[in-house]
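All values derive from a computational prediction rather than experimental measurement. Below, chain A is the first sequence line, B the second, and so on; all start at residue 1.
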Number of protein chains: 2
Amino acid sequence: MEAQIDEILRKNQLSVTGSRKRILELFLMSNGALAHGDIEKKTGEKFDRVTVYRTLQTFLEKGIIHSIPTSDNSVLYALCKDDCSEGHHHDNHVHFICSDCGKTICLADVTVPQVKLPVGFLPQEYQMVVTGLCKDCR
Amino acid sequence: MEAQIDEILRKNQLSVTGSRKRILELFLMSNGALAHGDIEKKTGEKFDRVTVYRTLQTFLEKGIIHSIPTSDNSVLYALCKDDCSEGHHHDNHVHFICSDCGKTICLADVTVPQVKLPVGFLPQEYQMVVTGLCKDCR
DNA sequence: ATCTTTTTGCAACAAAGTTGCATGCTAGTT
DNA sequence: AACTAGCATGCAACTTTGTTGCAAAAAGAT
Ligand SMILES: [Mn+2]
Ligand SMILES: [Mn+2]
Ligand SMILES: [Zn+2]
Ligand SMILES: [Zn+2]
């Protein structure tokens, strides 16, 4: 794990620091998506709030994590697959949000279907979010 | 227009007030989705910020508007179709967000496709957001 | 016109996110 | 191992966004 974390940071030309290691670890351990608030809670008083914001921003730009659209105004983040890089994401998978426990899960094996749009629209990225009950809550 | 606005409010058992009329008018006039901030700007100093929040909340509950998921942390709202009612929305259409002008458009004629989920997941609602270039920006 | 209920505005607050800057740390160089 | 340039962090101060309680105002019913 420790080695994996270092490798991810190095591969993205990021210096290896305490906060980056810890936040990346949280993503690797979590089986769902994380909000800024989740991370703050789990790191406790260890890092400044601003550092968490900046770390997430950096990870997002580097393509280490991707953001997930939600209908309330929370922003969720999850780890990208290996083949994402700066400016080039390949996370065209469906996201599932459990309406009971609130957990958000990347369905890495479910590809977002493409739809036919009215003439004039030039699509670049398709995103799909399914709400419902997860395995544990149904 | 005036008559249409009154009718929508009456049909939903809402008293007809200045702020509700104005905000509903903004939605009817707009060809895209609106964020809370857009509405505040367009109404100017006319209504209190709190009133705008509460009006949107009320419209949402009554099924007059629906919210649209986005990847940043803005919440967007757009008018529902006629057959939406309290607790029963039928807005299973795709949403398009222009990455250039930022406008968000309801593609009322494009139905969200259903996907096959892994066993265990019980889907309730499917939402799809397409990012790209709109008619005016391509 | 009067009364009841709902809606609004205000104030005060809480939560979320941003920015500038001095200090500390990382990683590469000697 | 010590040095140093550049990057990352923490702190403070601030802005923006959203929430809550309550009294005044407006709406709808009688
Ligand atoms: Mn994902
Ligand atoms: Mn819509
Ligand atoms: Zn669940
Ligand atoms: Zn556009």
Side-chain angles (χ1 to χ4, degrees), chain A residues 2-3 5-27 33-62 64-65 67-77 86 102 104, chain B residues 2-3 5-26 33-62 64-65 67-77 86 102:
Chain A
E2 182 78 19
I5 290 171
D6 272 41
E7 197 207 317
I8 294 174
L9 291 174
R10 291 247 159 68
K11 196 169 61 187
N12 287 281
Q13 283 127 25
L14 292 174
S15 41
V16 180
T17 67
S19 53
R20 287 178 180 165
K21 279 197 286 187
R22 180 75 183 107
I23 293 175
L24 198 42
E25 184 187 37
L26 285 177
F27 276 111
L34 297 174
H36 170 92
D38 298 329
I39 295 168
E40 255 189 86
K41 273 171 214 134
K42 294 190 186 191
T43 54
E45 303 292 296
K46 204 143 183 333
F47 306 108
D48 194 80
R49 237 158 42 83
V50 179
T51 301
V52 177
Y53 280 115
R54 293 200 266 227
T55 303
L56 289 173
Q57 189 56 41
T58 302
F59 284 1
L60 206 53
E61 283 164 6
K62 288 290 184 178
I64 298 173
I65 58 176
S67 65
I68 300 168
T70 60
S71 284
D72 57 0
N73 34 346
S74 64
V75 196
L76 295 173
Y77 303 95
E86 205 159 344
T104 297
Chain B
E2 183 78 19
I5 289 171
D6 272 39
E7 197 207 317
I8 293 174
L9 291 174
R10 291 249 161 67
K11 196 169 63 187
N12 288 281
Q13 285 129 24
L14 291 175
S15 38
V16 180
T17 67
S19 52
R20 286 177 182 167
K21 278 198 287 188
R22 180 74 182 108
I23 292 174
L24 197 43
E25 184 186 35
L26 285 178
L34 298 174
H36 171 93
D38 298 329
I39 294 168
E40 255 188 88
K41 272 170 214 134
K42 294 190 186 192
T43 54
E45 303 291 298
K46 203 143 184 332
F47 307 108
D48 194 81
R49 239 157 41 81
V50 179
T51 301
V52 177
Y53 279 114
R54 293 198 267 227
T55 303
L56 289 173
Q57 189 56 42
T58 303
F59 285 1
L60 206 54
E61 283 163 6
K62 288 291 185 178
I64 298 172
I65 58 176
S67 64
I68 301 168
T70 60
S71 285
D72 57 2
N73 34 347
S74 65
V75 197
L76 296 173
Y77 303 95
E86 203 161 345

Verdict with supporting geometry, Phe59(B) and Ile8(B), side-chain contact (heavy atoms from CB on, under 4.5 Å):
CA-CA 10 Å; Phe59(B) 285 1; Ile8(B) 293 174; over 6 Å; no

Verdict with reasoning, Arg10(B) to Glu7(B), per salt bridge (charged side-chain N to carboxylate O under 4.0 Å, His left out):
CA-CA 5 Å; Arg10(B) 291 249 161 67; Glu7(B) 197 207 317; over 6 Å; no

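A distance of 7.5 Å separates CG in Asp38(A) from CG in Leu76(A), rounded to the nearest 0.5 Å. Here CG of Leu24(B) is found 9.0 Å from CG of Asn12(B). Values are rounded to the nearest 0.5 Å. Within the model, atoms CD1 of Ile39(B) and OH of Tyr77(B) stand 8.0 Å from one another, a figure rounded to the nearest 0.5 Å. His36(B) contributes atom NE2, which lies 9.5 Å from atom NZ of Lys41(B) (distance to the nearest 0.5 angstrom). A distance of 8.5 Å separates CD1 of Ile64(B) from OG1 of Thr58(B), quoted to the nearest 0.5 Å. Gln57(A) contributes atom CD, which lies 12.5 Å from atom NZ of Lys62(A) (distance to the nearest 0.5 angstrom).
The CG-P distance, from Leu76(A) to dA16(C), rounds to 13 Å in whole Å. Regarding Asp38(A), its CG atom lies at a distance of 14 Å from the C1' atom of dA16(C), rounded to whole Å. Following rounding to the nearest Å, Lys41(A) (NZ) and dA15(C) (P) show an atom-to-atom distance of 11 Å. Rounded to whole Å, atom P of dT6(C) lies 16 Å from atom CG of Leu9(B). Between the CD atom of Glu45(B) and the P atom of dC10(C) there is a distance of 10 Å, given to the nearest Å. Rounding to whole angstrom units, CZ of residue Arg20(A) and P of dC25(C) are separated by 15 Å.
Across all strands shown, Ser19(B) has heavy atoms under 4.0 Å from sugar-phosphate atoms exclusively, and none from any base.
Residues satisfying the side chain to side chain contact (heavy atoms under 4.5 Å, CB included) criterion with Thr51(A), sequence neighbours excluded, are Ser19(A), Asp48(A), Thr55(A). For Glu2(B), the side chain to side chain contact (heavy atoms under 4.5 Å, CB included) test picks out Asp6(B), Lys21(B), with sequence neighbours left out.
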Under-3.5 Å N/O pairs linking protein and nucleotides 18-21 of chain C:
none

Nucleotides 26-30 of chain C: which of its N/O atoms have a protein N/O under 3.5 Å away?
from    : atom 1 : to       : atom 2 : distance (Å)
dA27(C) : OP1    : Val16(A) : N      : 2.7

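Counting only heavy atoms from C-beta outward, the side chains of Ile65(A) and Leu34(A) never approach each other to under 4.5 Å.
The footprint of chain B on DNA chain D, defined by a heavy-atom cutoff below 4.0 Å, extends from dT17(D) to dG28(D).
Scanning both residues, Arg22(A) and Lys42(A), for their nearest heavy atoms gives NH2-O, 3.6 Å.
Within the 3.5 Å criterion, the main-chain N or O of Ser15(A) finds a donor-acceptor partner in the side chain of Arg20(A).
Across the helix from dA1(C)-dT30(D) to dT30(C)-dA1(D), the helix axis at one end is tilted relative to the axis at the other end by 30° (nearest 10 degrees, each axis from five pairs).
Checking Asp48(A) against Val75(B), the closest nucleotide of DNA chain D that is more toward the 5' end is the one next to Asp48(A).
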